[in-house]
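Quick notes on the structure that follows.
Residue numbering restarts at 1 for every chain, and letters A, B, ... go by the order of the sequence lines.
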2 protein chains.
Amino acid sequence: MTNQPKYQRRKEDRPQEIADAAFKTFAEKGYAATRIDDVAKRAGISKGLTYLYFKTKEDLFKAVVKNVVVRRVDSLIGNVESTELSSEEFLRGPLLDFMKKVPGSPIAIVIRLLISEGPRHPDLVNYYYDNVVARGLAAIRQFVARGVERGEFRREALEHQPHLFLAPMMLSMIWRLVFTDKPLDTDQLMESQIELLLAEMKA
Amino acid sequence: MTNQPKYQRRKEDRPQEIADAAFKTFAEKGYAATRIDDVAKRAGISKGLTYLYFKTKEDLFKAVVKNVVVRRVDSLIGNVESTELSSEEFLRGPLLDFMKKVPGSPIAIVIRLLISEGPRHPDLVNYYYDNVVARGLAAIRQFVARGVERGEFRREALEHQPHLFLAPMMLSMIWRLVFTDKPLDTDQLMESQIELLLAEMKA
DNA sequence: ATACTTAATGACTAAGGAGTCAGCAAGTAA
DNA sequence: TTACTTGCTGACTCCTTAGTCATTAAGTAT
């Protein structure tokens with residue numbers, strides 16, 4: 001009968017582990033229905049320990065959202081800014097790929113949480129806007145502008161807000177969040193929209 | 001000193017009054033954060049009375065959602081089906097007007113609630129899908145098909161899912177729910193999309 | 001007036017869950 | 001081995017709130 005320790009001390013890893021467990025639980029149950037006890041169980045620790053690393057439930061929530069955002073967005077938006085593709089190739093390629101990925105990614109979960117809990121956490125909303133939405137829109141705007149400069153697109157192309165590129169992505173996301181069992185070819189939707197916009201911009 | 005009664009008995013009106021108060025409270029706070037006591041106060045009654053008309057909080061929630069849906073959707077979708085306009089006029093006129101109204105209407109609130117609480121109320125999601133989404137999509141599809149029959153649109157126009165018409169409406173709704181203070185010309189967005197699609201379908 | 005029905009009240013119960021903290025034991029150093 | 005620090009536990013407190021129910025009083029009929 002070996003003397004197995006009841007637990008290991010792992011000060012360094014705990015915060016991330018707790019955040020991961022919390023994200024999964026928030027994703028499944030939403031903020032209000034999530035019990036700290038569940039998060040702790042999932043992380044394999046006691047409830048009390050959660051409070052050593054996060055002062056309150058709200059604290060944990062905010063940390064989790066920011067954590068997901070920074071971990072994902074940099075890689076997704078970042079590589080977009082350093083491409084050598086033509087504007088058209090970029091819109092059809094990397095941008096489309098990016099958009100296809102989002103509805104099934106943790107970003108979609110974060111958006112669900114922001115829709116539900118946003119009004120009670122305005123600073124979180126602002127954080128998300130600055131770090132995700134504003135950057136994403138700027139990236140698209142930049143590529144359209146570059147296309148105009150190079151003569152690929154008409155001048156009026158800029159009239160088409162970048163939001164129009166993202167609209168089908170938004171619908172796909174919500175659709176999949178709410179109507180999980182109703183099929184919808186969301187990839188097709190986004191492809192069509194890109195072609196629609198490209199046709200307009202080039203015409 | 002007149003003998004004012006403490007309350008009036010109004011069996012007939014109570015359910016609707018409670019439902020209205022509940023809708024407002026759910027809209028402000030979300031399902032979990034709404035206390036039955038708040039709803040009762042808002043409706044000007046005692047908490048106990050709520051339970052005379054609605055068995056549980058969940059019951060009340062479902063009743064409220066269905067109540068809003070049936071009251072709004074019939075008028076919005078209904079008149080759409082009996083128009084004499086050409087397909088193109090219809091898409092530019094009544095459909096566009098409808099779409100412009102939705103993001104600021106109670107329907108948007110219901111969608112927020114469905115996004116947050118949907119997973120825990122699958123029958124509600126199905127109800128909403130059947131009565132709103134399916135009917136809305138069918139209406140658009142029908143008008144595009146009619147346009148094709150009449151030779152207004154190309155055959156391939158049908159490839160463009162009705163979802164594409166609704167995508168900017170979806171984005172506008174979410175935008176306004178989450179980023180209430182960030183301006184966005186959502187009407188312009190929807191107009192552009194309609195024009196984009198019409199151009200494609202006629203080309 | 002009087003008796004009766006039931007809409008409506010509000011105090012109460014029970015349960016659940018956020019946050020606390022005294023004590024325990026894993027790791028560390030001498 | 002012993003003394004010490006601190007990551008970690010889990011039982012506890014306290015508050016909130018869904019749901020109940022004995023009681024009250026508004027409306028009605030006779």
Side-chain angles (χ1 to χ4, degrees), chain A residues 1-65 113 116-117 120-121, chain B residues 1-26 28-65 113 116-117 120-121 124:
Chain A
M1 193 163 178
T2 50
N3 209 1
Q4 266 205 338
K6 284 192 183 172
Y7 55 79
Q8 285 166 10
R9 305 171 131 213
R10 300 215 319 283
K11 184 186 165 88
E12 306 302 324
D13 306 334
R14 294 302 190 200
Q16 189 59 55
E17 289 175 12
I18 296 170
D20 287 345
F23 177 71
K24 285 178 195 154
T25 315
F26 284 136
E28 283 171 19
K29 308 206 186 198
Y31 176 76
T34 289
R35 275 157 289 140
I36 297 291
D37 229 344
D38 293 340
V39 173
K41 278 222 179 59
R42 194 165 205 149
I45 60 170
S46 71
K47 179 175 160 185
L49 189 56
T50 311
Y51 284 94
L52 190 64
Y53 295 107
F54 301 92
K55 240 170 64 76
T56 64
K57 186 183 178 184
E58 189 181 340
D59 247 45
L60 176 59
F61 179 63
K62 289 182 181 173
V64 160
V65 169
L113 291 170
S116 321
E117 299 300 323
R120 265 144 286 161
H121 307 282
Chain B
M1 193 163 178
T2 50
N3 209 2
Q4 267 205 337
K6 284 192 186 172
Y7 54 80
Q8 287 165 11
R9 307 172 127 213
R10 300 216 318 285
K11 185 184 162 92
E12 305 302 322
D13 305 335
R14 294 301 192 201
Q16 189 60 56
E17 289 175 12
I18 296 170
D20 287 344
F23 177 70
K24 286 177 194 156
T25 315
F26 284 137
E28 283 171 20
K29 308 205 187 200
Y31 177 76
T34 289
R35 274 156 290 139
I36 296 291
D37 228 343
D38 294 340
V39 173
K41 276 220 180 59
R42 194 165 206 151
I45 60 169
S46 70
K47 179 177 160 184
L49 188 56
T50 310
Y51 285 93
L52 191 63
Y53 296 106
F54 300 93
K55 242 172 60 79
T56 64
K57 184 182 178 185
E58 189 181 339
D59 247 45
L60 177 58
F61 180 64
K62 289 183 181 172
V64 160
V65 169
L113 290 170
S116 320
E117 299 300 323
R120 263 144 287 159
H121 307 282
L124 206 53

TODO: For B:K47 and C:dC12, give me the distance from atom NZ to atom P, rounded to whole Å.
DONE: 13 Å
TODO: For residues A:E17 and A:R42, determine if any side-chain heavy atom of one lies less than 4.5 Å from a side-chain heavy atom of the other.
DONE: no
Open item on the list: Let's test your reading of the model: under 3.5 Å, does the base of C:dG19 pair with the side chain of A:K57 as donor and acceptor?
Closed with: no
Open item on the list: Expressed as a whole number of angstroms, how long is the span from B:E58:CD to D:dT17:C1'?
Closed with: 16 Å
TODO: Apply side-chain contact (heavy atoms from CB on, under 4.5 Å) to A:K62 and list each qualifying residue two or more places apart in sequence or on a separate chain.
DONE: A:E58, A:H121, A:D123, A:L124
Open item on the list: Applying a 4.0 Å non-hydrogen cut-off, can you work out what A:K55 is touching in the nucleic acid: base, sugar-phosphate, or nothing?
Closed with: nothing
Enumerate, atom names and distances included, each donor-acceptor pair closer than 3.5 Å involving a side-chain atom of residues 43-55 of chain B, sequence neighbours excluded.
unit_1 : atom_1 : unit_2 : atom_2 : d
B:T50  : OG1    : B:K47  : O      : 3.2

N/O contacts under 3.5 Å, protein versus nucleotides 5-8 of chain C?
unit_1 : atom_1 : unit_2 : atom_2 : d
C:dT6  : O2     : B:R9   : NH2    : 2.0
C:dA7  : OP1    : B:K11  : NZ     : 3.3
C:dA7  : O4'    : B:R9   : NE     : 3.4
C:dA7  : O4'    : B:R9   : NH2    : 3.4
C:dA8  : OP1    : B:Q8   : O      : 2.9
C:dA8  : OP1    : B:R10  : N      : 2.4
C:dA8  : OP1    : B:R14  : NE     : 3.0
C:dA8  : OP1    : B:R14  : NH2    : 3.1
C:dA8  : OP2    : B:Y53  : OH     : 2.6

Compile the donor-acceptor pairs under 3.5 Å between side chains in residues 33-40 of chain A and protein atoms, sequence neighbours left out, one pair per line.
unit_1 : atom_1 : unit_2 : atom_2 : d
A:T34  : OG1    : A:T25  : O      : 3.4
A:T34  : OG1    : A:G30  : O      : 2.7
A:R35  : NH2    : A:D38  : OD2    : 3.3
A:D38  : OD2    : A:K29  : NZ     : 3.4

- [ ] Over all heavy atoms of both residues, which pair between A:P15 and A:E12 is shortest? Give the atoms and the distance, please.
- [x] CD-O, 3.5 Å
Open item on the list: Using a 4.0 Å cut-off on heavy atoms, which residues in residues 15-42 of chain A reach DNA chain D? List them by number, or say none.
Closed with: none
Task: NZ on B:K11 to CZ on B:R9, rounded to 0.5 Å - done: 10.0 Å
Open item on the list: Restricting to ring pair (Phe, Tyr, Trp, His ring centres under 6.0 Å), what partner residues turn up for B:F26, sequence neighbours left out?
Closed with: B:Y31, B:F61
